[in-house]
Q: 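I am attaching a structure below and will ask some questions about it afterwards.
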Amino acid sequence: MPISLYNTMSRSVEQFKPISDETVKMYCCGPTVYNYAHIGNLRTYIFEDVLKRTLLHAGYKVTHVMNITDVGHLTGDGDDGEDKMEKSARESGKSVWDIARFYTEAFFKDFDALHNLRPDITCKATDHVADMIALIQRLEKGGHTYVAGGNVYFSIDTFPDYGRLARLDLNELRSGARIDVDDNKRNPKDFVLWFTNSKFGEQAMMWDSPWGRGYPGWHIECSAMSMKYLGEHFDIHCGGIDAIPIHHTNEIAQSEAATGHTWVNYWLHGEFLLNDTGKMSKSSGEFLTLSVLTSKGYDPMDYRFFILGGHYRSQLKFSWQAMDTARTARGNLFDRIAALKAGAAPAKSLGEAASRWCASFDEHVFNDLNTPRGLADLWGLLKDDTISPAEKLAAAYRMDTILGLGFESLSARQAEESIVDDPEALALVARRVEAKKARDYALADEIRDKLDAMGYAVKDTPDGTRLMKKM
RNA sequence: GGUGCCGUACCCAAGCGGUAAGGGACAGGUCUGCAAAACCUCUAUGCAUCGGUUCGAUUCCGAUCGGCACCUCCA
């Protein structure tokens with residue numbers, strides 16, 4: 001079954017055809033590790049993970065590369081802002097290297113908790129400065145650069161196709177450009193490849209280069225590292241939608257100017273997660289991380305389920321109500337799966353009905369990653385009375401290859417419930433059990449009310465009375 | 001100013017030319033001493049408004065109204 005993907009370059013859904021029949025080469029823009037990732041950032045990694053899993057499910061091998069930006073991109077407007085890593089280091093009193101290491105670990109903790117498959121290659125910008133320098137030299141040789149004010153710039157006028165991805169109108173840009181503080185630029189859209197002249201003095205991270213001691217520009221690392229690990233022409237490059245007009249536009253310019261040919265075939269971009277006030281941001285507003293969610297009693301899979309419920313190219317509005325909905329639905333789903341696991345082993349092969357649900361699932365997800373529709377197929381499968389538990393389980397596992405909710409490693413819901421160790425509550429439960437045995441239901445109900453007031457819920461199940469803390 | 005997106009039931013959210021997926025919530029039911037949980041059933045003659053194209057439009061085109069994002073480190 002063919003996979004169709006929306007390519008930002010053509011602004012249309014295209015049938016995916018890899019360069020090589022076997023291995024799909026995919027590069028994803030990774031985190032800048034100067035702070036925790038917020039759940040909006042994490043949405044994009046889930047989208048990329050679904051993309052990767054879909055390719056794997058379709059039978060491709062995938063080489064997935066992701067960068068870790070541990071050279072601070074700058075904070076301010078234009079090329080003269082303060083280095084983010086520097087700022088973070090200064091504020092916390094740690095070295096920039098410590099900061100980078102700390103947040104890289106924190107990032108992967110969240111990444112793993114969300115069941116994202118690790119990239120095959122994770123590459124740090126600071127390990128590849130030599131590759132960046134080599135690429136800049138190549139551009140220099142091709143006449144695409146100029147030095148001004150101590151910095152090396154990329155001249156977009158040497159690359160006629162500049163701005164195609166973002167559909168920028170260059171004439172428009174030139175006349176309507178904002179006030180540009182950098183007088184060194186020949187064209188306001190030119191960008192820095194190598195800095196030796198920082199407005200903010202000595203940086204902690206500096207390297208020697210043919211142009212003097214300094215540090216790389218913001219975009220060059222992705223070009224240098226992706227080409228190093230995936231070659232000069234590869235299949236997929238993805239990231240957040242905000243990367244289109246500047247970051248990816250500049251990456252394309254410098255990469256294709258260097259090689260003289262097409263760099264990437266498919267450009268995929270994930271939409272933003274919004275909150276009440278608009279987009280989530282590290283620099284303003286509420287800073288929601290995965291650990292904030294888990295501290296409020298949500299499972300990382302609640303968040304993944306929530307994200308899977310919206311299409312990756314649509315803005316999705318975060319709310320606590322939406323998280324509650326996701327938690328309930330995911331809980332119901334896990335209960336069904338757990339019940340199936342308790343009663344049957346997954347079937348070796350699928351019958352017609354189960355196969356039909358799987359085919360429908362594949363069709364929907366292969367069509368530009370329509371996970372909301374895929375989830376509907378999963379529910380349809382689970383509610384289909386004509387299918388045996390063993391087949392349901394096998395089919396659900398198949399779907400989970402893409403959904404990544406972790407059905408195979410899941411245990412029953414009881415295990416997730418917090419264990420009550422309050423002696424007073426436990427004593428009350430014991431008294432209630434006695435009261436029930438004596439058919440004194442008035443007392444039993446009274447005790448239930450009392451426990452309720454204490455924040456506990458009592459459930460009588462076939463296996464006995466259970467007590468749990470209310471959320 | 002430029003680029004792009006959205007407005008579908010109480011809420012979230014698919015569908016994008018052939019007569020409205022799914023989840024949550026609500027309600028009813030089965031079960032239960034009662035509850036809870038679970039399971040079953042039900043919930044839009046309708047897809048912002050007004051025109052147009054079409055045998056047929058939620059889906060295409062135009063206008064209007066109302067939201068939003070990106071263009072600045074940002075997923």
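First the proteins, then the strands, lettered A, B, ... as listed; each starts at 1.
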Q: NA contact type, A:His311, heavy-atom cut-off 4.0 Å: base, sugar-phosphate, or nothing?
A: sugar-phosphate

Q: Taking all atoms of both residues into account, what is the closest heavy-atom pair of A:His247 and A:His219, and its distance?
A: ND1-ND1, 2.9 Å

Q: Which part of the nucleic acid does A:Asn370 contact within heavy-atom distance under 4.0 Å: base, sugar-phosphate only, or nothing?
A: sugar-phosphate

Q: For nucleotides 6-9 of chain B, list the nitrogen or oxygen atoms of the protein found under 3.5 Å from its nitrogen or oxygen atoms, one pair per line.
A:
none

Q: Start at the 5' end of RNA chain B and walk down; is the nucleotide closest to A:Arg43 or to A:Asn367 reached first?
A: A:Asn367

Q: Classify the nucleic acid contact of A:Ala322 as base, sugar-phosphate or nothing, counting any heavy atom under 4.0 Å across all strands shown.
A: nothing

Q: Among A:Arg336, A:Lys341, A:Arg398, which residue satisfies the side chain to side chain contact (heavy atoms under 4.5 Å, CB included) criterion with A:Leu393?
A: A:Lys341

Q: Using Watson-Crick and G-U wobble pairs whose two distances are both under 3.5 Å, how do you write the pairing of RNA chain B as dot-bracket, with | for links to another strand?
A: (((((((..(((.....[...)))..((((.......))))......(((((..]....))))))))))))....

Q: In Å, rounded to the nearest 0.5 Å, how long is the span from CZ of A:Phe159 to CZ of A:Arg164?
A: 8.0 Å

Q: Do the side chain of A:Asp445 and the base of B:G33 come within less than 3.5 angstrom through a donor-acceptor pair of N or O atoms?
A: yes

Q: With a 3.5 Å cut-off and heavy atoms only, can you find an N or O donor on one side and an acceptor on the other between the side chain of A:Arg313 and the base of B:C5?
A: no

Q: Looking at A:Arg373, I'd like to know whether one of its side-chain N or O atoms comes within less than 4.0 Å of OP1 or OP2 on B:A13.
A: no

Q: Taking the same atom, C1', in B:G62 and in B:G1, what whole-Å distance lies between them?
A: 24 Å

Q: How is A:Pro372 classified with respect to the nucleic acid when contacts are heavy atoms under 4.0 Å: base, sugar-phosphate, or nothing?
A: base

